[in-house]
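I have placed the structure first, in the form of structure tokens, so that the comments after it can refer back to it.
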2 protein chains.
Amino acid sequence: MSKSEETLASIKEVSYQLFAEVGITKTTYSMIAKAVGIAKPSIYYYFKSKEDLIAAIFEDLCSAIQFSTFFEMDTFTKDNFEEKLVELGIHMIDEQAKDPYYNRVLQEYMLMATRYPFYHEKLLMIQKGYLHGFEMLMEKAKHFGLVSDQASAAKAHMLALVLDNIGNFMMLVEHIDYKQIWVEAVSGVFKGSDASGSK
Amino acid sequence: MSKSEETLASIKEVSYQLFAEVGITKTTYSMIAKAVGIAKPSIYYYFKSKEDLIAAIFEDLCSAIQFSTFFEMDTFTKDNFEEKLVELGIHMIDEQAKDPYYNRVLQEYMLMATRYPFYHEKLLMIQKGYLHGFEMLMEKAKHFGLVSDQASAAKAHMLALVLDNIGNFMMLVEHIDYKQIWVEAVSGVFKGSDASGSK
DNA sequence: GTCTATAAAAAGATAGAC
DNA sequence: GTCTATCTTTTTATAGAC
């Protein structure tokens, strides 16, 4: 990693943290420069405007949160299905909880998405990836006879909504068992036409 | 309503809309003054600082979104329970969808809550109101023999999470049947020890 | 209550030396 | 690549007349 690559990475990292801590709008080039340890105009060598910087951080974020990053369709079998779904969801929650800035930065960009088409398009695609991904999972579960035919799209969307928004909830309320909530959401969906797991 | 009360109401209304449309930070006294049709310093007669204005809009918002505003415990009986829960949830979704600014403004304040203790405290209290409110509802449902004993707190929290965050989801994705998602979430919870409604 | 005028601070951004 | 110096614009906020 060259010196200039290091500076670039440092600017991005510091910006990401500041976006979470004080918000995108209130993050200034002065603050970034001070935190990185360079002069304010030096940032313009890497990002010709603040708008560019905001977009660059966004691109990095988008890459990390695709549905396929956390849910591999092939790992689901008739026998492990519900268990696997619980496990991968919890893994996703854990991964995102590791990064103390993630939820706040994502929410910052969610609000930007309501104001700028560029951000709306990209986040919508990711969101649709989750909706569609869970629909596919429900199809597979239906094929295995693990869930009822009824409203399987709504079931899929409910799961996507719960998982995607546990992070939002975590921002405010700390002392809750989020994993249990996910277990409950999944279990509610699979209680329909249970062929195997009757306790 | 006196002239001065009208001006005050207008400042608040315009600010609320601007908070949604361009964000709290990017909303300036110039923009507000222009939209209201007064001079910029006139706003200082009503709000001695922008900070004060932001807090005032917040207080108004908080009053409108208490758990008890939407869920009246006494209306739930053994026979109407699931149906009532679905109905009141949908009513809440409808009410909030009527106000095109609501979700964005709330999310703005959610982010403020992660940065300022004042906002954190108030929103946390509201959130806890929902969590506790749904816990009480689950207790009542348990008492009626409508849900199983297992993980009833997690069930309650799952419902609170789904309902509170449908709004967040609606900001981004428009074409989804949110009511069906709520129906599905409720139905998943009640599928446990179903004494009456066996189809 | 509402205005005009203005102060004080800070923002995003550029010029140009090294 | 990184710096110092500087420009322009806009912000929140105040003073004081009407």
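Below, chain A is the first sequence line, B the second, and so on; all start at residue 1. All values derive from a computational prediction rather than experimental measurement.
The side chain of A/Thr7 has D/dT2 as its nearest neighbour among C/dT2, D/dG1, D/dT2. Closest to the A/Pro41 side chain, of the nucleotides D/dT2, C/dT2, D/dA5, is D/dA5.
Atom NZ in A/Lys48 sits roughly 20 Å away from atom C1' in D/dT2 (whole-Å rounding). Taking atom OH on B/Tyr45 and atom P on D/dA13, their separation rounds to 19 Å, with Å as the unit. The nearest whole Å value for the distance from the NZ atom in B/Lys34 to the P atom in D/dT10 is 12 Å. Rounded to an integer number of Å, the gap from CD1 of A/Ile43 to P of C/dA13 is 11 Å. At whole-Å resolution of the value, CD1 in A/Ile11 and P in D/dG1 are 12 Å apart.
By the criterion of side-chain heavy atoms lying less than 4.5 angstrom apart, applied directly or through intervening Ile, Leu, Val, Met, Phe, Trp or Tyr residues, B/Met110 is grouped together with B/Tyr116 in one hydrophobic cluster.
Environment of CD in A/Glu95: crowded, with over 12 heavy atoms of neighbouring residues, nucleotides or ligands closer than 6.0 Å.
Look at B/Ser42 and you'll find a side-chain N or O under 4.0 angstrom from OP1 or OP2 of C/dC3.
No engagement by A/Phe47 is indicated, since no non-hydrogen atom pair under 4.0 Å with the nucleic acid exists.
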Using a cutoff of under 3.5 Å, can you pull out all pairs of nitrogen or oxygen atoms linking the protein to nucleotides 9-12 of chain C, with atom names and distances?
| unit_1 | atom_1 | unit_2 | atom_2 | d |
| --- | --- | --- | --- | --- |
| C/dG12 | OP1 | A/Lys50 | NZ | 3.3 |
| C/dG12 | OP2 | A/Tyr29 | N | 3.3 |

Review item, side-chain donor-acceptor pairs of residues 171-183 of chain B, under 3.5 Å, at least two apart:
| unit_1 | atom_1 | unit_2 | atom_2 | d |
| --- | --- | --- | --- | --- |
| B/Asp177 | OD1 | B/Lys179 | N | 3.4 |
| B/Asp177 | OD1 | B/Gln180 | N | 3.1 |
| B/Tyr178 | OH | B/Phe169 | O | 3.4 |
| B/Tyr178 | OH | B/Val173 | O | 2.4 |
| B/Lys179 | NZ | B/Asp94 | OD1 | 3.2 |
| B/Trp182 | NE1 | B/Leu85 | O | 3.2 |
| B/Trp182 | NE1 | B/Val86 | O | 3.3 |

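Checked by atom type and distance alone, the side chain of A/Asn103 never pairs as donor or acceptor with a backbone atom of A/Gln96 at under 3.5 Å. In this structure, A/Lys155 contributes its side chain and A/Val189 its backbone to no donor-acceptor pair below 3.5 Å.
Atoms CZ and CG, from A/Phe134 and A/Asp164 in turn, are 7.5 Å apart once rounded to the nearest 0.5 Å.
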